[in-house]
Amino acid sequence: MTLPEHAAPGPTPLPASSVLAELEALRASDLPTHGGRTLAYVYDSGVAEADELGRQALAMYGSTNGLDPTAFPSLLRMETDLVAFARRVLHGSDQVVGSATSGGTESILLAVKTARDAAAVERPVMVVPTTIHAAFHKAAHYFGVERVTVPVDPTTYRADPEAMAAELDRYAGRVVLVAASAPSYAHGVIDPIEEIAALARERGLRFHVDACIGGWVLPWAPGAPAWDFAVEGVTSISADLHKYAYAPKGVSLLLHATPELRRDQFFASADWPGYTMLNSTVQSTKSGGPLAAAWAVVRYFGADGYARLVDTALVGTAAVVAGVEQIDHLSVVVAPDSTLVAIAADDTCDVFTISDLMLEQGWFVQPQMGFEGSPATLHVSLSAATAASVPDFLVALVGAVTAAVERGPIQVDEGLRAAAEAIDPATLDDAAFAGLLQVAGLAGEGGAVEAPAQMAPVNALLDVAPPRLREALLVAFLDHLTR
Ligand SMILES: *Cc1c(COP(=O)(O)O)cnc(C)c1O
């Protein structure tokens, strides 16, 4: 990572043109957001006009404030328009209400907070499958909700309704929320929503479907099982606009089946001498830019546009799956229900090495660590813009696998592995973490922390570390990186 030297605000004013040039130079070290070769983090329709429209709307509304919908009625209008569109495509009744949030995590935080506040029980619990997005872990942590994670079916990677039912009964009286994914991020499969909805309904519980990544794909995917408000018992849904609606970053929708279910999402405070604070979301002052950009892009594509984009992305996904199955040493972990693919390697090579080698060829595929019976994998989120270059992707992948097999799987030192299993991160101080970061390859000589050029050895070591240590090491890494 090389950044231009003078790219830090200083005392001397600069002409706008030089500042823009610096921004351009800074961006050069980032992953590309467009071009279809970054297969996580970003989503690319491949439609330049839509991107330009989104950017213009973002700029036009960048200084507006969603704090007060009566002061900026245009923002309220755009929010209700987007909710109305989503309600139609997600088979909601006219009772469905929703809010625009800053992203999937905020939608999920609010779904959990709302459920917790509405139930008002002591020691609240949420029951979720192990494959639920980590945003639920964050919500549980932030809001003091105990998280009961239920193992998924080991062959289909889908939530196991029977096992979930057992936990619902074990924690009867304390459960405030049940959640499942459509689809899950790690494996790209849809949980059995109808069965879980029935369990929740029988027990009078809220059931959130996390469609952050599938919410703008599945409505146009032929043959998808019922998963949305068409299923009785689904009480809320999160759907990110900054993923497959192809809007610029910073916007998601949280929908509730009825206004009553949403009520506890809101927050008001009149207990101070300023304006009465009245918020529908976590943020108070919030830019109208991402909302306006999403509104513009959704209006531009319309349902027909999304139908075409989804078709393109699904054809591309099928081509990736078929191609991977032809590559020696690789396999698709489970046939995907949407546009996400998890790819595993056999024991002749390492997915982490493959990921590094792909990056050298200009393709970003996201490494995922092994977890409870799910192997370490490469994650691919396939955008419409990638579909046309799937053949190139597969050629690069064959090359990367061949080279990775030559290098062989990464051998994590046995002593290091044993040490990783024995360490209790809770007992480590800052100096101990600094030492560990060096051992893990996340800090150089003298303790300078930076993102390593070769991630594979680091990932391989993290992969054998227990999750608690993995978390602690990465937090220490971030802490040092941002000093
Ligand atoms: C992306 C994603 C989230 C989190 O959304 P952010 O926008 O990254 O905060 C939650 N759930 C699923 C299934 C996702 O794919």
Side-chain angles (χ1 to χ4, degrees), residues 31 33 38-44 82 86 90 98-113 126 128-143 147 149 152 157-159 177-191 193 196 207-219 221 224 227-228 234 236-255 281-283 286-287 289-291 293-294 297 310 313 317 334 336-342 364-366 368 371 374 377 379-383:
L31 285 174
T33 56
T38 304
L39 302 179
Y41 304 127
V42 300
Y43 305 82
D44 183 3
L82 282 170
L90 302 180
S99 307
T101 71
S102 63
T105 299
E106 191 183 355
S107 292
I108 289 164
L109 288 174
L110 285 170
V112 172
K113 184 208 92 82
M126 66 165 88
V128 296
T130 38
T131 48
I132 203 77
H133 194 280
F136 284 86
H137 306 189
K138 187 174 183 177
H141 181 73
Y142 276 20
F143 299 126
R147 171 168 58 88
T149 23
V152 295
Y157 294 95
R158 291 176 176 86
L177 187 68
V178 188
S181 316
S184 60
Y185 185 86
H187 306 108
V189 293
I190 304 174
D191 286 325
I193 300 300
I196 301 168
F207 176 34
H208 181 89
V209 177
D210 178 10
C212 279
I213 205 156
W216 237 255
V217 172
L218 298 175
W227 65 275
D228 58 15
V234 171
S236 57
I237 293 177
S238 46
D240 292 353
L241 298 167
H242 63 197
K243 287 178 181 156
Y244 283 98
Y246 298 111
K249 291 298 180 219
V251 59
S252 165
L253 293 176
L254 171 60
L255 305 166
T281 61
V282 176
Q283 292 180 301
K286 55 185 172 188
S287 171
L291 172 64
V297 171
V310 166
T317 307
V334 54
D337 288 328
S338 177
T339 52
L340 319 182
V341 189
F364 178 79
V365 288
Q366 189 178 47
Q368 301 188 125
F371 181 78
S374 168
T377 55
H379 170 100
V380 168
S381 282
L382 211 115
S383 288

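For ligands, and for the atoms within them, numbers begin at 1 and follow the listed sequence.
Gly104 CA, 3.2 Å is the protein heavy atom nearest to atom 5 (O) of ligand 1. Looking at atom 9 (O) of ligand 1, its nearest protein heavy atom turns out to be Thr105 OG1, 2.6 Å. From the protein, the heavy atom lying nearest to atom 11 (N) of ligand 1 is Asp210 OD2, 2.6 Å.
Only the side chain of Lys243 comes within 4.0 Å of ligand 1, judged by heavy-atom distances. Here Cys212 has side-chain heavy atoms under 4.0 Å from ligand 1, and that is the only part of it that gets that close.
For ligand 1, the atoms lying closer than 4.0 Å to a non-hydrogen atom of Asp240 are 1 (C), 5 (O), 7 (O).
With Arg158 contributing its side chain and Ile190 its backbone, the two residues share a donor-acceptor pair below 3.5 Å. In this structure, Gln368 contributes its side chain and Ala342 its backbone to no donor-acceptor pair below 3.5 Å. Without hydrogens or angle criteria, Ser338 side chain to Leu340 main chain gives no donor-acceptor distance under 3.5 Å.
Under a 4.0 angstrom heavy-atom cut-off, Glu106 registers as lying outside contact with ligand 1.
In this structure, Tyr185 and His133 have perpendicular ring planes: the angle between them is above 60°, well past the 30° mark.
Taken from CD1 in Ile196 to NE2 in His208, the straight-line distance is 12.5 Å, to the nearest 0.5 Å. Residue Asp44 holds its CG atom at 13.0 Å from OG of Ser381, rounded to the nearest 0.5 Å.
In terms of polar-atom proximity, Tyr185 is not counted as a contact of ligand 1, lacking any N or O under 3.5 Å from an N or O of the ligand.
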